[in-house]
Amino acid sequence: MATRMATRQAGSVLSTYRYLRVGMVLLVLLLAAAVTLQVFSPDPDCWQRSVSAYYYTPARAVFVASLCAIGACLMVYRGNTDGEDIALNASGLLAFVVAFVPTQVDATCPASNVPSPAELDAAVTNNVWALYAAGIALTAVSWFLRSRTAPRGRGGSLSVWPLVFSSVAVVVFPFVFVTWHDAVRDHGHDVAAIALFAGIVVVVGMNALGLATHSGADVRHEAGRPSVRRAANRYTAVGLAMLGTFVGVLVAHWAVPGFVQWLFWLEALLIAEFAVYWVLQTIELWHVVDRSESPSHSPNAVTPAPPPTGTDPRSR
């Protein structure tokens with residue numbers, strides 16, 4: 001009976017992780033669909049200069065909702081390591097900031113739903129303080145849950161370092177928002193968006209190294225020393241694609257006169273690559289919660305060569 005209950009609980013945890021991974025991909029598709037429909041809408045018959053500028057179009061509700069949902073998923077999702085978990089939490093928090101602090105209005109393309117400066121300031125103030133209140137509650141609950149669970153590594157209680165990061169953010173944030181309120185309102189979106197994409201690139205890089213280490217853990221040199229496989233895997237390709245996108249679009253912006261939608265394409269391509277990353281991780285970790293659980297389910301895992309005849313421990 002106890003074994004059956006434990007198996008059912010493990011299956012529920014695994015299913016939850018699957019839903020989170022698949023859900024993030026679907027949320028990206030939701031955002032992409034709303035922006036695409038507006039791009040090809042006849043009214044207005046033009047493209048905004050950035051994906052974020054579609055906040056001021058009929059796509060606003062989907063833009064805000066999808067970013068908030070993605071942010072929540074990133075914060076709830078537990079990474080393979082504490083470092084990855086911190087990067088995911090930071091990216092999730094920044095996704096809320098990107099949603100609640102809109103970019104500047106793009107005057108080159110007509111937009112609707114444009115609030116007055118006073119209305120925009122009131123909305124940013126209200127939403128950001130609401131986010132702060134939720135952050136305090138989340139941090140307090142996380143510390144409480146950790147105190148109620150005996151530390152047993154990654155399989156036990158919540159790791160302390162992501163909680164320390166959250167606590168520092170809760171302490172620092174009100175000082176920053178009160179001291180530089182106008183700067184946060186006017187430039188907070190751009191700073192948060194850049195940091196969000198940087199955080200995602202860091203997460204992809206950590207997974208590239210993590211998969212390489214995990215896949216090569218059982219590989220040994222002829223001399224018998226442990227070896228780690230070179231980090232040339234799918235996550236490395238995604239990370240390099242993200243960096244290449246950033247460099248390529250900026251070069252095109254400087255080299256091609258009249259390329260005014262460069263920021264739109266930069267954001268759109270990075271968002272698409274983010275979705276590809278989650279698809280690849282969903283495939284890799286479909287049968288496990290995190291990479292450390294079972295090397296046999298890793299797509300790039302290396303199966304050790306069978307022992308020579310006569311060395312089977314069972315034959316002794």
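No hydrogens, no waters, no symmetry mates; every other heavy atom, side chains included, goes into these values.
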Check against side-chain contact (heavy atoms from CB on, under 4.5 Å), Val101 and Val128:
CA-CA 8 Å; Val101 183; Val128 170; 3.8 Å; yes
Do Thr125 and Arg185 pass the side-chain contact (heavy atoms from CB on, under 4.5 Å) test, and can you show the C-alpha distance, the side-chain angles, and the key distance before you say yes or no?
CA-CA 8 Å; Thr125 301; Arg185 180 197 61 208; over 6 Å; no
Indicate whether any N or O donor in one side chain lies under 3.5 Å from an N or O acceptor in the other, for Trp143 and Ser167.
yes
Cut-off 3.5 Å, side chains only: do Glu273 and Tyr277 have a donor facing an acceptor?
no
Measuring from atom [atom1] of [X] to atom [atom2] of [Y], what distance do you get when rounded to the nearest 0.5 angstrom?
X      : Y      : atom1 : atom2 : value
Leu263 : Thr103 : CG    : OG1   : 7.5 Å
Leu74  : Leu93  : CG    : CG    : 11.0 Å
His253 : Leu250 : NE2   : CG    : 7.5 Å
Met24  : Thr282 : CE    : OG1   : 7.5 Å
Leu88  : Cys73  : CG    : SG    : 11.0 Å
Leu163 : Ile86  : CG    : CD1   : 9.5 Å

Of all heavy-atom pairs between [X] and [Y], which one has the smallest distance, and what is that distance?
X      : Y      : value
Ala99  : Cys68  : CB-SG, 4.0 Å
Ala69  : Leu27  : CB-CD1, 3.5 Å
Arg291 : Gln281 : NH2-NE2, 4.4 Å
Trp161 : Asp82  : CD1-OD2, 4.1 Å
His189 : Val98  : ND1-O, 3.1 Å
Ala90  : Phe165 : CB-CZ, 3.6 Å

Hydrophobic cluster identity match, [X] and [Y], side-chain contacts under 4.5 Å:
X      : Y      : result
Met206 : Val288 : no
Val171 : Phe96  : no
Val28  : Trp265 : yes
Val76  : Leu67  : yes
Ile283 : Trp278 : yes

Enclosure of Tyr19 OH (heavy-atom neighbours >12, cutoff 6.0 Å)
no
Output field: ring centroids [X]/[Y] closer than 6.0 Å:
X      : Y      : answer
Trp254 : Trp262 : no
Phe177 : Trp129 : yes
Tyr77  : Tyr17  : yes

Looking at [Y], is its backbone amide N or carbonyl O close enough to the side chain of [X] to form a donor-acceptor pair, meaning the two atoms are under 3.5 Å apart?
X      : Y      : value
Asn127 : Ala123 : yes
Thr36  : Ala32  : yes
Glu84  : Asn80  : yes
Thr179 : Val176 : no
Asp106 : Gln48  : no
Arg18  : Trp286 : yes
Thr57  : Ala53  : no

Do [X] and [Y] make a side-chain contact, defined as non-hydrogen atoms from C-beta onward lying under 4.5 Å apart?
X      : Y      : value
Pro102 : Val124 : yes
Cys109 : Trp47  : no
Val260 : Thr108 : no
Val203 : Asn207 : yes
Phe264 : Val39  : yes
Glu267 : Ser52  : yes
Val191 : Val97  : no
Arg21  : Val25  : no

With sequence neighbours excluded, give me every ring-ring contact (aromatic ring centres under 6.0 Å, His included) pair touching residues 48-70.
none
Would Phe197 and Ile271 count as a side-chain contact (heavy atoms from CB on, under 4.5 Å) here? Give the steps.
CA-CA 9 Å; Phe197 284 120; Ile271 291 171; 4.1 Å; yes
Take Ile200 and Met242 through the test side-chain contact (heavy atoms from CB on, under 4.5 Å) and record every step on the way to the result.
CA-CA 10 Å; Ile200 295 300; Met242 286 180 163; 3.8 Å; yes
